[in-house]
Amino acid sequence: MKSAQEDEYLEFVAARTKTLYRSAYAFAAGDTHLAEDLVQETLSRVYVHWKRVAGADNPAAYAQTVLVRTFLSLRRRRSTSERPIGNLPDSPESGPDAALRITLLDALGQLPPRDRAVLLLRYWEGHSIEETAQMLRLSSSAVRSQGTRALGRLRALLGDSLSDLIPQ
């Protein structure tokens with residue numbers, strides 16, 4: 001027989017998995033397998049501390065923070081920096097939106113993990129500077145300066161390629 005805490009955890013997982021996966025997919029620069037691994041690792045870490053997490057003010061924010069920190073620690077632990085060339089999407093998509101999404105994910109994938117995390121938390125997820133700083137264990141000024149530098153790097157990587165992809 002399941003306990004009430006297990007039922008609460010399963011409800012949380014059902015409600016948050018899609019959102020966590022969407023974030024993980026962006027962090028993983030479109031790598032669906034890595035995104036799935038990140039979500040699985042995040043949910044397992046949340047489960048271990050569920051008693052404490054369930055009593056927190058915002059369990060969803062806790063899970064998001066765990067996801068970000070899992071992504072950053074995974075990138076540090078990787079024994080190789082080998083990256084596949086010519087990523088193809090897992091599902092056939094067409095149209096300017098698909099090309100734009102693929103171009104953006106590819107460019108994000110070329111940024112260092114912490115730069116990618118700052119940009120995704122601030123502009124993709126819409127977190128404030130203070131929330132982003134707390135999740136990444138940085139100061140607010142570090143988030144501002146790193147975000148500015150990361151946007152500059154992203155613009156340099158994208159160059160003029162976005163103007164061809166955005167419908168007029």
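Sequential numbering from 1 along the given sequence is applied to the chain's residues.
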Might you point out which heavy atoms bring A56 and P59 nearest each other, and give the distance in Å?
-> O-CD, 3.8 Å

Taking the side chain from R116 and the backbone from L108, do they hold a donor-acceptor pair closer than 3.5 Å?
-> yes

Which value, rounded to the nearest 0.5 Å, describes the distance between T70 atom OG1 and L20 atom CG?
-> 10.0 Å

Please assess L72 against L136 for the test side chain to side chain contact (heavy atoms under 4.5 Å, CB included), listing each intermediate value before the final yes or no.
-> CA-CA 9 Å; L72 291 174; L136 296 175; 3.4 Å; yes

With side chains defined as the heavy atoms from C-beta onward, is the minimum distance between Y21 and T32 less than 4.5 Å?
-> yes

Which atom pair, heavy atoms only, marks the closest approach of M135 to A61?
-> CE-O, 4.4 Å

Where is the tightest heavy-atom contact between A29 and G109, given as atom of each residue plus distance?
-> CB-CA, 3.3 Å

Is the count of non-hydrogen atoms from other residues, nucleotides or ligands lying under 6.0 Å from Q40 atom CD greater than 12?
-> no

In sequence, state the C-alpha distance, the side-chain angles, and the governing distance for I129 and R144, and then conclude on side chain to side chain contact (heavy atoms under 4.5 Å, CB included).
-> CA-CA 7 Å; I129 291 173; R144 280 189 210 93; 3.6 Å; yes

Spacing of R22 atom CZ and F27 atom CZ [to the nearest 0.5 Å] = 12.5 Å

Separation of H127 NE2 from Q134 CD (nearest 0.5 Å) = 10.5 Å

Start with the C-alpha gap between L158 and L104, add the side-chain angles, then the distance that decides, and say whether side chain to side chain contact (heavy atoms under 4.5 Å, CB included) holds.
-> CA-CA 8 Å; L158 292 172; L104 284 172; 3.8 Å; yes

Validation row: S23, L67 side chains within 4.5 angstrom (heavy atoms) | yes

Check whether any side-chain heavy atom of L34 lies under 4.5 Å from a side-chain heavy atom of Y25, and answer yes or no.
-> no

Is there side-chain contact between D115 and L154, with at least one heavy-atom pair below 4.5 Å?
-> no

Taking the side chain as C-beta and beyond, is there a heavy-atom pair between V46 and Y9 under 4.5 Å?
-> yes

Please report the shortest heavy-atom distance between A28 and A35, naming the atom on each side.
-> CB-N, 4.0 Å

CZ (R153) and OG1 (T148) are apart, to the nearest 0.5 Å, by 11.0 Å

Taken in chain and number order and not counting sequence neighbours, the residues that satisfy ring pair (Phe, Tyr, Trp, His ring centres under 6.0 Å) with Y123 are none

E131 side chain near L121 side chain, heavy-atom distance below 4.5 Å = no

Distance (rounded to the nearest 0.5 Å) between N58 CG and Y62 OH = 12.5 Å

Once the angle between the rings of F12 and W50 is folded into 0 to 90°, is it parallel (under 30°), tilted (30 to 60°) or perpendicular (over 60°)?
-> tilted

Identify, with sequence neighbours excluded, every residue that meets side-chain hydrogen bond (donor to acceptor under 3.5 Å, both in side chains) alongside R137.
-> none

Measure the spacing between CD of Q146 and OG1 of T132 and express it to the nearest 0.5 Å.
-> 11.0 Å

Decide yes or no for L111 and L157: does some side-chain heavy atom of the first lie under 4.5 Å from some side-chain heavy atom of the second?
-> yes

